[in-house]
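Here the structure is a predicted model, which means the values were calculated and not measured.
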Amino acid sequence: YQRRVHGEKTLFVREWEDKNRLGLFYTQLVTKLARSKCIVSSLNITIDFVIPLYLDHIKIRTSEEHNEGQDCLTYKLQEIQWLCETTLSNWRLWLVDDGCPKGCGSLATRWVCGLTCPSHNINVLTSTHPGGVGAALHLAAQTISSKYKSDSTSFLVYCEADQKIMIGQCGLLLRPLYQTSHSACIGSRHNMHMACRLQQRNINSYDTPEHRLFIYCWKLLLPNNCLASIHDVLYPMMAFRLDSLSRVFDGMSYHLAFSLHTLLRLHTIAGGACISQGLAWMEYKSNDAYKYLNILQDIITYILPELDVDDRTKRADSMAQYIVELNDSSWSRLKIPRVLVNTDPSLYNSEQMVPVDPDDLTPPPIEMSMSSPRYGVSSLVIHNM
């Protein structure tokens with residue numbers, strides 16, 4: 001698994017955390033995969049696997065075709081076949097090019113045509129509306145609903161294309177949906193009791209101060225009972241009830257269909273709660289640049305009007321007004337308070353949390369030197385899972 005992510009040349013003994021943590025991670029991963037397969041083997045359902053492809057043109061290629069190639073689609077297919085080989089469940093795989101400028105759709109089509117045993121279960125969709133996760137979910141759910149009849153035994157599993165997360169763990173997400181009335185189950189990297197994350201030394205592209213600030217802001221903007229158990233919006237894998245997801249996308253813009261908006265509409269329109277489940281996840285250096293400010297401003301512009309105004313607080317309105325007036329430059333210069341860095345996001349809405357207001361984020365009026373600390377702390381304390 002480690003070689004699939006980083007190539008044959010990687011020596012995990014030197015680059016990764018100590019051997020004990022490495023062994024613990026793989027023990028957790030194997031356990032979660034085994035539990036997942038037992039769960040799926042006991043179900044008789046229909047699973048539609050959706051893998052979005054945006055700027056994944058290198059990951060699709062093999063290591064012979066490109067130095068950093070992962071042959072990720074082959075591995076995803078092998079995991080799905082392994083997961084479903086002893087079950088009565090039906091499955092379909094949807095590869096969605098959500099407006100990729102590098103032609104991921106064409107590469108995916110070539111990959112399907114090159115399979116030794118072509119399968120009618122594999123479909124390639126191409127969207128003309130680039131919109132990331134939401135656009136891929138939108139197009140896939142719309143296509144599946146128009147072609148097939150969905151019922152209480154129809155589920156959709158979204159999974160990122162790369163090998164940071166193994167799709168074989170999805171049974172852990174499907175079980176609570178099958179047994180309860182929940183609309184979505186999120187594969188979380190930030191679940192204090194069930195998640196297991198392995199990362200390279202000095203690499204923490206997920207749990208950064210900016211990300212903590214982003215979580216705090218969106219949770220402050222929303223009512224306390226809205227997505228209370230969700231503490232992150234950058235998810236490697238999610239599972240949905242297909243009938244609920246189809247209702248959510250009715251009349252929804254492709255541009256607005258990012259994952260947080262999808263979860264909020266599930267909460268308000270479909271009426272089903274969203275829960276999270278910890279998964280085994282491998283964290284490695286990423287060049288992804290998350291547009292936190294854009295997402296927050298979209299929440300204020302498009303999502304807040306859909307929510308009950310009576311549930312909003314004065315602090316939320318004050319923060320919303322402050323965020324609307326920010327631009328990329330002013331966002332990058334915000335001073336991130338110590339309390340956000342040192343407090344687990346699951347406690348941001350609790351009574352123990354010290355409130356953070358716009359005045360706490362505003363940097364000093366003088367221009368800060370390169371040596372001035374931005375985060376209000378000389379060293380960051382990141383809680384272990």
Side-chain angles (χ1 to χ4, degrees), residues 1-17 19 21-22 25-26 29 33 49-82 93-116 122 124-127 130-133 135-136 158-170 187 189 196-208 211 234-237 259 279-291:
Y1 178 49
Q2 185 270 342
R3 287 181 174 179
R4 279 159 45 182
V5 177
H6 297 282
E8 297 288 341
K9 297 179 182 179
T10 301
L11 297 176
F12 64 75
V13 174
R14 294 193 321 193
E15 287 202 13
W16 293 85
E17 297 175 348
K19 293 181 181 180
R21 281 188 62 86
L22 190 68
F25 172 78
Y26 285 117
L29 174 62
L33 286 169
F49 296 95
V50 175
I51 299 178
L53 302 173
Y54 187 81
L55 298 182
D56 291 313
H57 52 291
I58 294 178
K59 298 169 188 174
I60 294 174
R61 293 182 167 89
T62 64
S63 56
E64 288 78 19
E65 295 174 312
H66 193 282
N67 235 4
E68 300 178 10
Q70 295 182 12
D71 198 12
C72 62
L73 298 183
T74 298
Y75 285 117
K76 293 294 184 188
L77 178 59
Q78 289 175 350
E79 291 172 34
I80 293 171
Q81 291 173 332
W82 168 82
L93 174 60
W94 303 85
L95 307 175
V96 185
D97 177 347
D98 50 354
C100 176
K102 299 294 185 178
C104 281
S106 300
L107 290 173
T109 301
R110 188 184 72 177
W111 172 81
V112 172
C113 294
L115 291 175
T116 306
I122 305 175
V124 179
L125 302 176
T126 302
S127 171
V133 173
Y158 158 88
C159 185
E160 291 182 357
D162 57 31
Q163 295 300 312
K164 292 180 292 188
I165 188 79
M166 295 192 78
I167 202 169
Q169 299 178 77
C170 72
R189 299 170 290 183
C196 181
R197 190 172 85 242
L198 182 69
Q199 63 191 53
Q200 285 177 283
R201 291 185 185 277
N202 303 321
I203 295 298
N204 201 351
S205 60
Y206 151 67
D207 207 353
T208 62
H211 191 71
L234 304 174
Y235 300 111
M237 187 155 62
S259 56
L279 298 178
W281 156 278
M282 183 172 280
E283 182 85 15
Y284 61 88
K285 187 174 182 179
S286 172
N287 294 322
D288 295 340
Y290 300 115
K291 301 295 184 181

*Taking only residues two or more places apart in sequence, or in another chain, which ones meet Ser63 in a side-chain hydrogen bond (donor to acceptor under 3.5 Å, both in side chains)?*
none
*Of all heavy-atom pairs between Ala161 and Cys72, which one has the smallest distance, and what is that distance?*
O-CB, 3.2 Å
_Quick one: does any side-chain atom of Lys76 pair with a main-chain N or O of Asp162 as donor and acceptor, under 3.5 Å?_
yes
*Who are the side-chain contact (heavy atoms from CB on, under 4.5 Å) partners of Ser106, not counting sequence neighbours?*
none
*For residues Asp97 and Gly105, report the shortest heavy-atom separation together with the two atoms involved.*
OD2-N, 2.8 Å
*asked:* Which residues pass the side-chain hydrogen bond (donor to acceptor under 3.5 Å, both in side chains) test with Glu64, not counting sequence neighbours?
replied: Thr62
*Decide yes or no for Thr126 and Cys100: does some side-chain heavy atom of the first lie under 4.5 Å from some side-chain heavy atom of the second?*
no
*asked:* Any non-hydrogen side-chain atom of Pro52 less than 4.5 Å from a side-chain atom of Tyr158?
replied: yes
*What heavy-atom pair brings Cys159 and Ile165 nearest, and what distance separates the two atoms?*
SG-CG2, 3.6 Å
*At what distance, to the nearest 0.5 angstrom, does CG of Leu279 lie from CD1 of Ile167?*
11.5 Å
*Are Leu107 and Leu53 side-chain neighbours, meaning at least one heavy-atom pair lies under 4.5 Å?*
no
*Out of curiosity, Leu77 CG to Phe49 CZ, how far, rounded to the nearest 0.5 Å?*
10.5 Å
*How long is the span from the CD1 atom in Ile58 to the NE2 atom in His66, to the nearest 0.5 Å?*
4.0 Å
*Check whether any side-chain N or O of Asp56 sits under 3.5 Å from a backbone N or O of Lys59 as a donor-acceptor pair, and report yes or no.*
no
*First locate atom CG of Leu73, then atom CZ of Arg110, and finally report the distance between them rounded to the nearest 0.5 Å.*
11.0 Å
*How far does SG of Cys170 sit from CD1 of Ile80, to the nearest 0.5 angstrom?*
8.0 Å
*Please identify each residue that fulfils side-chain contact (heavy atoms from CB on, under 4.5 Å) with Leu33, with sequence neighbours left out.*
Leu29, Trp82, Met166, Gln169
*What pair of heavy atoms forms the shortest contact from Gly168 to Glu79, and how long is it?*
N-OE1, 3.5 Å
*Heavy atoms from other residues, nucleotides or ligands near CD of Glu65 exceed 12 (cutoff 6.0 Å)*: yes
*Just how far is it from atom CG of Leu93 to atom CD1 of Ile51, taken to the nearest 0.5 Å?*
5.0 Å
*Please test Trp111 against Thr74 for side-chain contact (heavy atoms from CB on, under 4.5 Å), starting from the C-alpha separation and ending with a verdict.*
CA-CA 8 Å; Trp111 172 81; Thr74 298; 2.9 Å; yes
